[in-house]
Amino acid sequence: KLASRLTPKQANMSSAASTSPAPQPSSTSKSPQPESPITVLGDGNEQNDDNDGFVDEEIFVADAKGFPAHMIPDLYTEPPPIRDALVTETSRVQDKTVDVCLPYLTGEEDGHLVYNPHGVPSLEREKHIGFLHKSLGRLPGGFVAADASRPWFLYWALSGLVLLGEDVSSYREAVIETALSFQNEQGGFGGGGKQTSHLATTYATVLAIALVGGEEAYEVIDRDAMWRWLCSLKQPDGGFQVCVGGEEDIRGAYCATVIITLLNIPLELTPASPAREGGLVNLLAGLGDYVRRCQTYEGGISGQPNAEAHGAYAFCALGCLSLLDDPRRIFHRYLNVPRLITWLSSRQYAPEGGFSGRTNKLVDGCYSHWVGACFPLIEACLSPASSGSEPAETATAAATTTHKLPPASETLFSREGLIRYILCCCQDETRRGGLRDKPGKMSDSYHTNYVLAGLSAAQHFWTLSLPLEEPAVPVPPSPEPVANPPEWSVLPLYLADGREAGGDDEATAATTLFNQSDRVRPVHPVYALPQEVVDTIRGYFFIAKEGA
Ligand code: FPP
Ligand code: K
Ligand code: ZN
């Protein structure tokens, strides 16, 4: 944990900050774009009758603003005090990244963000909403390379809009038509019409369907074909190939587990499933052991056994396990949790405040989710495990009140650091809007969604609603496991005077680190969807299966 106290800021800004050149936004480039050949929404039969891309290239010039007052801890305004003397390409790009972030963190960057007295800018909500709506329209020609990611573009934009408080049900008809054009008779969704089904694009399509909601959207999904297709991807070692004949990795394990639990897919393996050669009979069997084999010597999680640990894969691992059983039990069964915490904690950097994806690499806004969302899961797995010492009523009451202060020891990352990185460094300050990897990078819908999801993780506190009970039904490593995910509850967090605090009184709100109007919606720590979206689609398919 990066401990920090709010101290009055010195009158002089740090020399490193004041000598840093202000980065030029890269969105000023005027390279002409060819006519757009793709749109994210639609069945592929639309006419392209104009070529107006969605990228706004003008810079929005606002009045110069003063420095934020005195309230930024030195941790976020000074270069790191401890440095490795060895200079390499790695240390040079790290130094450059600090140089490019510091002016934004101190408020010296002559940009257009509006800082509060804590030196935290406000969320440019309307600009980001506008950016995401545009991203669902026609895209510039360069996006042809991303044609197989149309389901992702759909999910990122809809999810980002929902995080920002928008109602996306007006996209329902378009999502239905689009998703139908992605679906294959053999089950699953491809990245576009006539493309092979893939677990990542199926995951993204299912999430997009969940976000627009409604029976007509849910009924797009051919669950029987989906079941057969998932069984054809299940491997004898417990993992999943991402497509028939494709690579087996932990993205597959996470995406498959999300799809299976959201849609209540039957767990019995088809006779033709390759996993039967390993003696498996169940779609969820062997997943815990597969995840275990992906933990590396560093303590983090790699995409497949014996590869390099990366934050995105840590989230996939913890998300997958959290859907199989209660994190308080299953994380300890399959992972070395202390070593994982060490690795995850090492991802957060100062002064930047954000997370990197792997050892010796740079902060990037998208890891606000991939790494940031690991912390609610890890924090939950360390919460009291036994119902013996604590009556059930107490635990339930504590989880539902908005006034409970989470003990500081339950917060294992610097929420303040992450919020500062996101609001200072990740917002496109031009009229374009959207969120980004780091200053100098273009915003895009992927970063917009995952930066906002990370902001949500920093602004909320998730707890497991009930004490850990012995499961009534077998969970992994049983040969016939069922998914036994716990119930989650969420509290809004108020970060006041450097403390993590809960409470919704006005006095607290007035002194908080971030403006209360800048709170984004809570997202379920495993599904990366609002909880009611998860509950509604799971409720629908639970009934669908019981009736079938
Ligand atoms: C490295 O990229 C990135 C990876 C090795 C994995 C990225 C995977 C995801 C973001 C998502 C996977 C999850 C699902 C659900 C599909 P890089 O070298 O460009 O970035 P880096 O320098 O930050 O590591
Ligand atoms: K990156
Ligand atoms: Zn990124």
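First listed ligand is number 1; within each ligand, the first listed atom is number 1.
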Check this for me - ligand 1, Y313, N or O atoms closer than 3.5 angstrom, yes or no? no
Validate the cation-pi geometry between R172 and Y218: distance from NZ or CZ to the six-membered ring centre under 6.0 Å, angle to the ring axis within 45°. no
Within the structure, is a non-hydrogen atom of C316 found at a distance of less than 4.0 Å from ligand 1? yes
Look at ligand 1 and say whether F355 reaches it with a heavy atom at a distance under 4.0 Å. no
Considering only NZ, NE, NH1 and NH2 on the basic side and carboxylate oxygens on the acidic side, decide whether K234 and E248 come within less than 4.0 Å. no
Report, in ascending order of atom number, the atoms of ligand 1 lying under 4.0 Å from any heavy atom of Y446. 10 (C)
Salt-bridge present (D428, K127; N to O < 4.0 Å): no
Which atom name does D364 have for its N/O/S atom nearest to the Zn ion (ligand 3)? OD2
Residue part near ligand 1, for Y254, under 4.0 Å between non-hydrogen atoms: side chain
Under 4.0 Å, heavy atoms only, figure out whether ligand 1 is touched by the backbone of A200, its side chain, both or neither. neither
Lys/Arg-Asp/Glu bridge criterion (N-O < 4.0 Å) met for D326, R329: no
Are R347 and W343 in a cation-pi contact, defined as NZ or CZ under 6.0 Å from the six-membered ring centre and within 45° of the axis? yes
Carboxylate-amine/guanidinium contact R83 D95, below 4.0 Å: yes
Within less than 4.0 angstrom of ligand 1, does Y367 place any heavy atom? yes
